[in-house]
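Written below as structure tokens is the structure these notes are about.
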Amino acid sequence: MTNETRQAPARMAGLHHHPFSATELRARRRELIKALGEDAVLLVPAAPEVIRNRDVHHPFRQSSDLSWLTGFPEPEALAVLAPKRKEGAFVLFCRPQDPEREIWDGHRYGVEGAVEHFGADQAFPMTELDQRLPEFLADRRRVVYPLGLDDVFDRRVIGWVRAVRAQARKGISAPTELVSSDQYLHERRLIKSTSELKVMRRAAEISALAHQRLMQSAQPGSSEQQLEATFLTACAEQGARFQAYQPIVGSGANACVLHYVKNDGILRDGDLVLVDAGCELDGYASDITRTFPANGRFSPAQRRLYDLVLKAQLAAIAKIRVGNHWNQPHKAALKVLTQGLVDLGLIKAEGAALKQLIKDERYKPFFMHKTGHWLGMDVHDVGQYKQNGRWRRFEPGMVLTVEPGLYIAPDAEAPAEYRGIGIRIEDDLLVTDREPEVLSAKVPTDPDEIEALMALPATATAA
Ligand code: GLY
Ligand code: MN
Ligand code: MN
């Protein structure tokens, strides 16, 4: 977007809405151009369109990298950052306008729109890509791009390098290094800006309120699919049409299947229900899990396990402090869970110390995933967890999930009252200079509060 259009209503006819000012996007590119240096060129392709069946496509979702860098929403596009280029460093290749096609598929920005609305110094139609791209690689040492992400694109890059090499006798030198763009783009995406956080707060709030509504609608006899529909509707009504991932709605033992997405069971009286669902808003994910009793009251055995998972989650959250490292929350959760499993008779310690039980991974039959991940444009967001072989330290602006769980399979070696119970509690946390901010706090995790919420008539929530 240019300065002139920045103030225009976000949903102006045909124009794509994105929440970042032209100034912010320009600053992201400027910083990146500086980091690349004069002997590198960066290529960031659009996501491919994916066929669902015959002539039906999956909903198009732009590549997070391209979105973050340009805000450009269309498929069949490529952004180039070429530092110190005479005609300007930022070039967009995109689909040309096509009145005939646009009657069917809607507005396209075209090359003029790429310059006018997205601040490209120059734009060219995608049809000219093979002809023009070698010029951008000429006399650059490094080609920086999503190396190894897509076979077809990898081969195209090598083709362009070869085309430059063919001109060696004219004194033009070809790139000698292909470099992954991850270290340039992903480390920057890991630290969220004020405007990104505004979107992420809202995404988490929408999902939290949708979880509330779902919980209040649930009762024995409801179908998992109905609960999913309630969640999707609540998100869509609040402006979030897409989900960050497929919702998981597992009642009873279905909750023990970690990536359960069939969502075709019926809630029985006495079941717990695990719902892991989060909307995507303006390209940013939320990721929330709540576990609640179908009939609105935890049984004593369910409550014991639930309290343990919650205690582990709170212990993990308490470790999210600037200066602490990535694995500390996980370690804190393991400590609480392992001790709790011993106390409840699910681990037979036989005199072994807690440390040894953790080292031997005795929690593993009941807790087999990590306690969290980075969260951002992608639900399992980018950014390294280790640097130079060491766990990375927390910094303000990082967003992560904290999601311990316990999954006691129906055939587990465990007291009968615990078998077939799956519990996970997942929140979205922002690292700050002080206590972390819980972005997903609008839906309770406290079991008494969950019971109180479920006892209210559904209309009482502010969704
Ligand atoms: N919903 C995916 C996850 O929790 O990581
Ligand atoms: Mn998660
Ligand atoms: Mn999740």
Side-chain angles (χ1 to χ4, degrees), residues 61 64 186 189-190 192 200-201 203-212 214-215 224 227-228 230-232 234-235 240 242-251 254-263 272-281 283-292 306 309-310 312-317 319-320 326-327 329-330 332-334 337 366-385 394 398-407 422-431 436-445 450:
R61 163 61 158 75
S64 299
H186 294 179
R189 277 177 49 193
L190 176 58
K192 275 72 183 175
M200 291 193 74
R201 276 194 192 95
E205 182 181 51
I206 289 172
S207 296
L209 294 172
H211 270 277
Q212 271 200 28
L214 176 158
M215 258 186 217
E224 294 169 353
L227 303 194
E228 178 179 357
T230 300
F231 188 87
L232 299 179
C235 291
F242 295 108
Q243 296 293 303
Y245 52 94
Q246 289 238 73
I248 295 169
V249 183
S251 60
N254 294 339
C256 299
V257 180
L258 294 180
H259 287 162
Y260 178 79
V261 288
K262 274 201 339 205
N263 301 355
L272 285 184
V273 189
L274 183 157
V275 180
D276 183 345
C279 72
E280 179 178 286
L281 183 71
Y284 285 77
S286 57
D287 182 6
I288 304 178
T289 308
R290 291 293 182 265
T291 309
F292 58 87
Y306 188 93
V309 177
L310 183 57
Q313 201 219 18
L314 295 175
I317 291 172
K319 294 290 181 190
I320 302 176
W326 169 261
N327 210 38
H330 182 56
L334 289 182
L337 289 175
F366 310 114
F367 178 47
M368 52 299 272
H369 57 78
K370 293 284 277 187
T371 302
H373 50 82
W374 301 130
L375 184 70
M377 301 191 81
D378 296 310
V379 61
H380 296 159
D381 205 30
V382 294
Q384 293 181 306
Y385 292 96
F394 291 120
M398 293 173 165
V399 180
L400 65 150
T401 67
V402 177
E403 50 179 305
L406 283 176
Y407 313 93
I423 296 169
R424 177 163 64 253
I425 306 172
E426 176 175 32
D427 280 300
D428 303 343
L429 281 300
L430 164 65
V431 183
E437 180 183 331
V438 188
L439 306 182
S440 44
K442 283 247 163 102
V443 56
T445 56
I450 288 176

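Both counts, for ligands and for their atoms, begin at 1 and track the order of listing. Remember, predicted model here, so these are calculated numbers, not experimental data.
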Donor-acceptor side-chain pairing of K370 and N327 below 3.5 angstrom
yes
Need the ligand 1 atom indices (1-based, order shown) with element for anything under 4.0 Å from a heavy-atom of E426.
4 (O)
Does some side-chain heavy atom of [Y] sit less than 4.5 Å from a side-chain heavy atom of [X]?
X	Y	result
I425	Y306	yes
H259	Q246	no
R290	I288	yes
I317	P436	yes
E403	D287	yes
V438	D428	no

Here the N/O/S atom of D287 closest to the Mn ion (ligand 3) would be OD1
Answer key: the N, O or S atom of E426 nearest to the Mn ion (ligand 3) is OE1
Going by heavy atoms, is D276 under 4.0 Å from ligand 1?
yes
Work out whether the distance between some heavy atom of R424 and some atom of ligand 1 is less than 4.0 Å.
no
Mind checking whether the Mn ion (ligand 3) has an N, O or S of D276 under 2.8 Å?
yes
Is the distance from the Mn ion (ligand 2) to the nearest N/O/S atom of H380 under 2.8 Å?
no
Tell me the protein heavy atom at minimum distance from atom 5 (O) of ligand 1, and give that distance in Å.
H380 NE2, 2.7 Å
What is the name of the N/O/S atom in E403 that sits closest to the Mn ion (ligand 2)?
OE2
Proximity to ligand 1 by part of D287, non-hydrogen separation under 4.0 Å:
side chain
